[in-house]
Amino acid sequence: MKFKMILWLLLAASVAFAGWSWAQMNAIEIAAKETGVQKVQYIDGGQTVYVMRWTLERVRREGKEIIVYKLHGDNAKEGAARIEWDEESLIDITSAGLRTRLWKKRSTGAEQMDWKLVFNWAARQAQYSFQDRATGKNENKTMKFQADAIPGDCMNLILRGFPFEKGAGYEMTGQIVNVDGSLLGGRIINRGVEKLPTAFGAIEAYKLELKPTGALGLVAPKMWMWYTKAQPHVWLRFDGRDDGLTNPRTKNELVEYQPRVWIK
């Protein structure tokens, strides 16, 4: 997988933006426990590319409430071509928003890789590490980011607080700390409300357009994501290229979710 999918997924699950102020974001509602299944498929043809099952839980550790996010994914293949991976994030709930303290991922099967990000928000930096266990390749670096940068691993949650009430055309710009060890700038634009076909029926949803800036913006595909119009604005779908730039366009859809009453 090597992040050819994750880069675009986290522009979904993820174009985040340091030109904004956290004060512009609305408060978000997070259940004590949420679970979901996402499926990535080619838009034309419907072939499944990835399946991801995740849980999100608010817990108390060391006297603080944090979010523990866990995900298990696979590449929908069997035998020697199969890849499975596990991700985990520890996310602090602060007055300044959600702040990831640790994100890590480990893949097995046809891919044998590890990724890790450890954040230091006071210093505005994150320590990134990568290892290919099959080849011995390693990478380590310190990422320095802007004051209002947002962690890519929890963007689906953070964007529940997008100020949708400001109407179509409203946009924010800034920077994301991405889990592949990169920093990305871009714009996120409210394109209004539409009726979206989903696994839960037709849902009224806000449509957001994601536009990376800089060199990436010259080659990036059209990217869209949808959130329920009804609060707490649960993420429903992302359209982009979750299987690399040269492969067909994909849709990343939420196909199972609890608490189910929040999808309406």
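On a predicted model such as this, the values are computed, not experimentally measured, just so you know.
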Sidechain-backbone polar pair: [X] side chain, [Y] backbone, donor-acceptor under 3.5 Å:
X	Y	value
Thr250	Asp242	yes
Arg101	Asp92	no
Lys211	Ile188	no
Asn178	Gly181	no
Thr228	Val234	yes
Asn75	Ile83	yes
Asn190	Gly167	yes

Evaluate the criterion ring-ring contact (aromatic ring centres under 6.0 Å, His included) for residue pair Phe162 and His233; output intermediate values, then yes/no.
-> CA-CA 9 Å; Phe162 188 89; His233 307 309; 9.8 Å; no
I'd like to check [X] versus [Y] (side-chain heavy atoms, cut-off strictly below 4.5 Å). Are they in contact?
X	Y	value
Arg187	Leu210	no
Asp180	Trp115	no
Ile67	Cys154	no
Trp103	Tyr69	no
Met52	Asn252	yes
Gln38	Trp54	yes

Going by the ring pair (Phe, Tyr, Trp, His ring centres under 6.0 Å) test, which pairs reach into residues 135-155, not counting sequence neighbours?
-> Trp121-Phe145
Output, in order, the C-alpha distance, side-chain angles, deciding distance and verdict of side chain to side chain contact (heavy atoms under 4.5 Å, CB included) for Leu117 and Met143.
-> CA-CA 9 Å; Leu117 268 176; Met143 303 167 61; 3.7 Å; yes
If you draw a 6.0 Å radius around [atom1] in [X], do more than 12 non-hydrogen atoms from other residues or ligands fall strictly inside?
X	atom1	answer
Asn138	CG	yes
Gln231	CD	no
Lys264	NZ	yes

All N/O donor-acceptor pairs, side-chain side in residues 255-263, below 3.5 Å, sequence neighbours left out:
from: Tyr257; atom 1: OH; to: Glu34; atom 2: OE1; distance (Å): 2.8
from: Gln258; atom 1: OE1; to: Arg260; atom 2: N; distance (Å): 3.1
from: Arg260; atom 1: NH1; to: Ile263; atom 2: O; distance (Å): 2.8

Which value, rounded to the nearest 0.5 Å, describes the distance between Asp153 atom CG and Leu71 atom CG?
-> 11.0 Å
Please output the side-chain donor-acceptor pairs of residues 193-209 that fall under 3.5 Å, not counting sequence neighbours, one pair per line with the distance.
from: Glu194; atom 1: OE2; to: Trp226; atom 2: NE1; distance (Å): 2.9
from: Thr198; atom 1: OG1; to: Phe200; atom 2: N; distance (Å): 2.9
from: Thr198; atom 1: OG1; to: Gly201; atom 2: N; distance (Å): 3.4
from: Thr198; atom 1: OG1; to: Gly201; atom 2: O; distance (Å): 2.6
from: Glu209; atom 1: OE1; to: Arg191; atom 2: NE; distance (Å): 2.7
from: Glu209; atom 1: OE1; to: Arg191; atom 2: NH2; distance (Å): 2.8
from: Glu209; atom 1: OE2; to: Lys222; atom 2: NZ; distance (Å): 3.4

For [X], check side-chain contact (heavy atoms from CB on, under 4.5 Å) against everything at least two apart and list the hits.
X	answer
Lys33	Thr35, Glu57
Ala80	none
Glu165	Asn26, Pro163
Asp86	His72

Residues forming a salt bridge (Lys or Arg N to Asp or Glu O under 4.0 Å) with [X], sequence neighbours excluded:
X	answer
Glu84	Arg82
Glu65	Arg58
Arg237	Asp239, Glu253
Asp114	Arg106, Arg133

Kindly assign one of parallel, tilted or perpendicular to the pair Tyr50 and Trp85, based on the angle between their ring planes and the thresholds 30° and 60°.
-> perpendicular
In sequence, state the C-alpha distance, the side-chain angles, and the governing distance for Met223 and Phe238, and then conclude on side chain to side chain contact (heavy atoms under 4.5 Å, CB included).
-> CA-CA 7 Å; Met223 292 181 286; Phe238 165 65; 3.8 Å; yes
Any ion pair linking Asp74 and Arg53 (charged N to carboxylate O, less than 4.0 Å)?
->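 Answer for the salt bridge query: yes.
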Trace of the side chain to side chain contact (heavy atoms under 4.5 Å, CB included) decision for Ile158 with Ile28 = CA-CA 7 Å; Ile158 289 172; Ile28 64 174; 5.7 Å; no
Output the rest of the hydrophobic cluster of Leu102: all Ile, Leu, Val, Met, Phe, Trp and Tyr residues reachable through side-chain heavy-atom contacts under 4.5 Å, sorted by chain and number.
-> Val59, Ile66, Val68, Leu90, Val118
Judged by modelled atom types alone, do Gln127 and Thr142 share a side-chain donor-acceptor pair under 3.5 Å?
-> yes
